[in-house]
Protein chains: 2
Amino acid sequence: MAAREAVVDAGKLSVRERILEVAERLFAEHGRSGVGLRAISSEAKVNLASIAYHFGSKEGLLEELFSLRAAPIADARIRLLDDAEATYGGAAPLEVIIEAFIRPALIIGPQSPAGGEAFGRLRARLATEPEKFSRRILSKAFDKSSRRFIEALVKALPGLPRVQVEWRFHFMLGTMYYTMANSGRIQVLSDQRCDPGNVEFALKHMVPFLAAGFRSTPL
Amino acid sequence: MAAREAVVDAGKLSVRERILEVAERLFAEHGRSGVGLRAISSEAKVNLASIAYHFGSKEGLLEELFSLRAAPIADARIRLLDDAEATYGGAAPLEVIIEAFIRPALIIGPQSPAGGEAFGRLRARLATEPEKFSRRILSKAFDKSSRRFIEALVKALPGLPRVQVEWRFHFMLGTMYYTMANSGRIQVLSDQRCDPGNVEFALKHMVPFLAAGFRSTPL
DNA sequence: GTCTATAGCTGGATAGAC
DNA sequence: GTCTATCCAGCTATAGAC
């Protein structure tokens with residue numbers, strides 16, 4: 001399968017698509033500044049100059065790559081939350097809200113083979129950076145949907161002050177990002193019993209854990 | 001105070017110490033590959049060649065820097081856990097275990113002015129990287145203490161299968177790292193009501209949240 | 001649109017004087 | 001131990017032929 005190809009199949013994808021796919025993987029593995037345009041162009045089997053032609057600059061490439069992936073995630077979140085609120089009459093249960101938030105981030109678009117895990121890693125890296133560039137593209141992609149989810153959580157947890165919902169939302173972000181990063185740490189510590197790369201297992205454990213955290217007694 | 005100095009006071013610290021202090025901050029801000037030896041040497045007001053002389057290479061510098069900071073954290077964790085087990089007769093309460101694990105990571109050595117937050121950020125960045133170098137230095141610094149804490153958690157949660165303790169430990173790591181990273185995201189989403197940089201506030205909210213997650217019904 | 005070629009820097013590392 | 005000077009591989013970006 002394409003997911004196992006180290007080098008992109010040059011026959012089926014456009015130059016643009018090949019650049020995006022390789023860049024996503026290399027940025028995820030080595031970080032924004034750990035990979036050069038030469039590595040991207042050679043692995044994608046495109047000319048070095050074509051990256052500048054299609055994306056303007058390295059930052060332009062990363063920014064476009066990020067928003068192409070992030071938009072469907074934010075959309076899926078909102079859609080799942082809308083569906084849940086329609087089903088439950090405006091007050092969705094906590095577990096359903098949490099899963100609506102996390103599931104789209106972990107699965108990503110199935111139309112893009114092999115892109116999923118790489119994008120999760122990339123996103124997790126950017127989310128732990130303090131730099132303006134990362135903060136800006138994350139804000140642009142996710143502010144709207146995240147605020148919407150905070151509202152839903154406030155409604156689902158009537159006894160909990162808003163600021164505590166916000167703290168707990170922050171803890172949820174950390175849990176989600178570290179799972180997406182899949183750094184291999186817990187595999188070592190658990191002697192391979194845990195695999196954060198397995199989306200369904202991860203969700204099965206994460207959602208009840210987070211729900212209990214959100215429901216814990218207000219301070 | 002030294003914490004507010006952008007440039008290290010060249011009079012009081014040795015060349016080695018100045019390099020370490022500046023490197024810690026720059027690596028934390030811009031990542032391992034986002035900062036060059038030239039930036040470090042000029043900001044630390046040392047000669048470029050002195051970095052190679054004292055640390056061998058850029059990787060050597062980062063590795064030494066990391067283990068110098070990490071060792072006291074791992075030691076403090078073990079000491080706090082030992083104390084708790086002595087106090088409670090071998091079975092420390094869950095909240096005490098969690099705080100013993102997280103507090104040393106968030107406060108770091110007070111002997112190093114300004115280093116604390118920078119090291120937390122650096123550590124969070126390395127922890128979300130899949131690269132071998134990061135995994136190796138994290139393993140070296142924290143495997144022993146982390147395994148010890150997993151044992152303590154298994155003992156504190158008799159009804160919970162070990163693999164679930166491990167999953168929840170992974171979620172705890174994510175929560176802790178994202179708080180240490182202090183990316184500014186929750187400040188935006190909460191209109192500045194939350195500040196993960198405030199250690200006591202962060203702990204006050206985090207410990208009960210995590211404890212509830214650990215105590216949630218086994219699957 | 002696609003390519004070659006290259007400008008103009010900056011990267012890490014090191015040789016060798018003192 | 002500390003410095004200057006330098007190597008050369010890599011970087012992003014672009015000019016200009018086709």
Side-chain angles (χ1 to χ4, degrees), chain A residues 7-66 122 125-126 129 131-134 136-137, chain B residues 7-66 122 125-126 129 131-134 136-137:
Chain A
V7 170
V8 162
D9 181 344
K12 295 181 184 174
L13 298 176
S14 72
V15 169
R16 243 185 84 93
E17 287 166 330
R18 271 180 282 152
I19 294 169
L20 285 169
E21 191 149 326
V22 169
E24 179 173 53
R25 183 161 39 80
L26 293 186
F27 281 136
E29 281 171 20
H30 306 112
R32 186 166 28 139
S33 48
V35 55
L37 297 182
R38 278 170 167 77
I40 296 171
S41 69
S42 79
E43 194 154 332
K45 297 197 204 301
V46 303
N47 189 276
L48 174 60
S50 67
I51 299 180
Y53 176 77
H54 285 287
F55 302 99
S57 68
K58 189 183 179 178
E59 282 213 339
L61 166 59
L62 179 51
E63 192 165 352
E64 183 154 345
L65 188 166
F66 191 87
L122 173 57
R125 288 187 87 127
L126 296 179
E129 289 179 6
E131 304 188 74
K132 286 211 178 83
F133 174 80
S134 314
R136 183 171 56 75
I137 64 175
Chain B
V7 170
V8 162
D9 181 344
K12 296 181 182 172
L13 298 175
S14 72
V15 169
R16 245 185 82 93
E17 288 166 329
R18 271 180 283 154
I19 293 169
L20 286 168
E21 190 149 327
V22 169
E24 178 173 52
R25 183 161 38 81
L26 294 185
F27 280 137
E29 282 172 18
H30 305 114
R32 190 172 22 152
S33 48
V35 55
L37 296 183
R38 281 171 168 81
I40 295 170
S41 69
S42 79
E43 194 154 333
K45 298 198 203 302
V46 303
N47 190 275
L48 173 59
S50 66
I51 299 180
Y53 176 77
H54 286 287
F55 302 98
S57 67
K58 189 181 179 179
E59 282 212 340
L61 167 59
L62 179 51
E63 191 164 354
E64 185 154 342
L65 188 165
F66 192 87
L122 172 57
R125 288 185 88 129
L126 296 179
E129 288 180 7
E131 304 188 73
K132 285 212 180 78
F133 173 80
S134 312
R136 182 171 57 76
I137 63 174

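Model, not experiment: these values are computed from the prediction.
Separating the CG atom of A/L37 from the C1' atom of C/dA5 is a distance of 17 Å, rounded to the nearest angstrom. Separating the CZ atom of A/R16 from the P atom of C/dT2 is a distance of 12 Å, rounded to the nearest angstrom. Nucleotide C/dG1 holds its C1' atom 14 Å from the CZ atom of A/F55, rounded to whole Å. Rounded to an integer number of Å, the gap from CD1 of A/I51 to C1' of C/dC3 is 14 Å. Computed from coordinates, the A/I40 CD1 to D/dG10 P distance equals 16 Å when rounded to whole Å.
Mapped onto DNA chain D by nearest heavy atom, A/A49 and B/S50 fall at different nucleotides, with B/S50 at the one closer to the 5' end.
In this structure, the side chains of A/L20 and A/L61 come closer than 4.5 Å at one or more pairs of heavy atoms.
The two atoms that bring A/K58 and A/F27 nearest to each other are CE-CE2, 3.9 Å, heavy atoms only. Taking all atoms of both residues into account, the shortest heavy-atom contact from B/S134 to B/L126 is CB-O, 3.5 Å.
Comparing atom distances between the B/R38 side chain and each of D/dT2, D/dC11, C/dG11 picks out C/dG11 as nearest. Side-chain proximity of B/N47 to the nucleotides D/dT12, C/dT4, D/dT4 is greatest for D/dT4. Proximity note for A/A52 (side chain, C-beta onward) versus D/dT4, C/dA13, D/dT14: the nearest is D/dT14.
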Evaluation steps, side-chain contact (heavy atoms from CB on, under 4.5 Å), between A/E64 and A/H54: CA-CA 10 Å; A/E64 183 154 345; A/H54 285 287; over 6 Å; no
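Looking at heavy-atom distances under 4.0 Å, A/L48 makes contact with a base.
Put simply, A/H54 has no side-chain N or O that comes within less than 4.0 Å of OP1 or OP2 on C/dG1.
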